[in-house]
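Please read the structure below before turning to the comments.
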Amino acid sequence: MDALSRAESAARTGYGRLLALLATSSGDLAAAEDALADAFERAVRTWPERGVPANPDGWLLTVARNRLRDGWRSARARRTVALDVERDAPAHLDAIDVDAIPDRRLELMLVCAHPAIDPAVHTPLMLNTVLGYTAEQIGRAFTLPGPAMATRLVRAKRRIKAAGIPFRIPDRGDLPGRMAAVLEAVYGAYAIEAPAGLGPPVEISAPAGLSSPGRVGSPVELAEVLARVAPGDPEARGLAALVLLCAARAGARVDAAGRFVPLAGQDPAGWDRRLIARAHEHLRAAHAAGRLGRFQLEAAIQALHCTPGADPRTLLDLHRILHRLAPSLGSGVALAAVTADTEGPAAGLTLLDTLTAGAGAAGAAGGRFQPARAVRADLLRRLGREDEAASEYAAATALTTDPAEREHLRTRITRAPGHAPDRAFPACAQHPDPEPTSGHPGIRPMA
Amino acid sequence: MRYALLMHYGEPAPGELDQETVAEAMRAFDAYAKALREAGVLLSADVLQPTDMTTTVTLREGSPRVQDGPFAATKEALAGIFLIDTPDLDDALGWARRCPGAQWGVIEVRPVSTAFVDGAWTR
């Protein structure tokens, strides 16, 4: 491996870790980023000439920390900040063993999802600091101009410093709520890239040298990082499993001609077995913890979808538990669809209309929720109510932003009845509630 | 870090609160202030008179102007200030949660930018 590739490799594996280490000591995310960027730049300049150091991560950390220390010692800083003996003392970091230092990425993620930070910025901030995506790339995923996203990120980082948001694992009483925010943010990262019904397909290309580009790169990475730094949290494991299972099927949901393939019609040979196996590992670990949660249930449902010949009653039970545990428009629509598969389209339609036509926000949102309209269209068609089905298909098509899926729905309108059950609604996981208040307001599932 | 806990709530009209309610609030604030002091984070605690006791001073238009009444007449008003010194925002938020005023009003937690301590401006 040449020096440049080594620098890239160090960037890939180390960015979030090194940034978290640097930021925890100072609480200043922006300064830590500048220092780290400086260290990477120095690496790219000096490694090809002088050779790659034996311990690239340690080298980068040392250079970045020296850089931070330069800032603290500057005349300007000295006028306003008292000398901190421990912080400012010369340290011999050349022999530093980065692997021996605790991984502070969980702290970094908890900071990104702190309740004092605008929830809309939780996910972008994590993508930016933990995985190193640029404001431009994140802006594209959130359908926001790059400069606007950059402004939000800068404002959030300034807030972290000025308000004194701590880089630490919160107290036991606060941790569950904060972990939930982290999980939501990672799920949000997945939702913006999830295929179909959740907005335009996102083309987050990986940052230079970071992982392979692709639509499923970043959420999978974020979820894996989270599962690694919080291995004892069953919901973190469940979320990782969920994201991996969907990533595993990403290749099979569009055929060679670019047409959308519903789950029932997908060729399991096109699924990524390696990712599925990894997801099952996470699920087993989550199960061992003995605390059931929403993401574990969603992952279990997806795992069942990946199992040919699975018992539909089991699937229905899982959907029922999920809808009771974490009711949302998405979970309701999925429950109605599965009910139709086991108890007939009439039962499914009754349930769907009950769940989406109810009073309040969910009822109003039901009409604008693409999966609800797509499932309703399918059920009407299976009941032989052709005219109503056609108009529902038209409504669903109008709400679909994914070109492949829109094309698929268009073909359904003209097709004769009596066709096999059609999972026209996206096969990938539950949908976040389309109401932007439900967790990741930055994401516009129905945009 | 120094934080100001700014208590905002609707001002009761004179005589609106009965004696028992007032006494109970005073007991709660007493316990709260003592807890802050015992934790070593309390710098100062001031509960303010109602806004109609306020006088506003400005030099903004060149000449001094002294006016009867608050800066802005709103339904809820600044009612008191606790100045505390805690390691970080989470600690300050924890104390804000325990503030009796949070039960009937809003506590704004504002980091202090700079403070005049021992004869000099400091951070």
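To find a chain, count down the sequence lines: A is the first, B the second, and so on, and within it residues start at 1.
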For A/Glu224 and A/Ala240, indicate whether the former's side chain and the latter's backbone hold a donor-acceptor pair under 3.5 Å. no
Among the options B/Asp91, B/Val109, B/Leu93, pick out the one with the most heavy-atom pairs lying under 4.5 Å from chain A. B/Asp91
Between B/Asp90 and A/Arg178, is a salt bridge (Lys or Arg N to Asp or Glu O under 4.0 Å) present by the stated rule, with each step listed? CA-CA 12 Å; B/Asp90 281 356; A/Arg178 206 73 78 68; 3.2 Å; yes
Please look at A/Asp171 and chain B and tell me whether the side chain, the backbone, both or neither of the residue comes under 4.5 angstrom of a heavy atom of that chain. neither
Below 4.5 Å from any heavy atom of chain B, which atoms of A/Ala163 appear? Answer side chain, backbone, both or neither. both
Determine the minimum heavy-atom distance between B/His8 and B/Glu108, stating which atoms define it. NE2-OE1, 3.1 Å
Does any N or O in the side chain of B/Tyr9 come within less than 3.5 Å of the main-chain N or O of B/Ala77, such that one atom is a donor and the other an acceptor? no
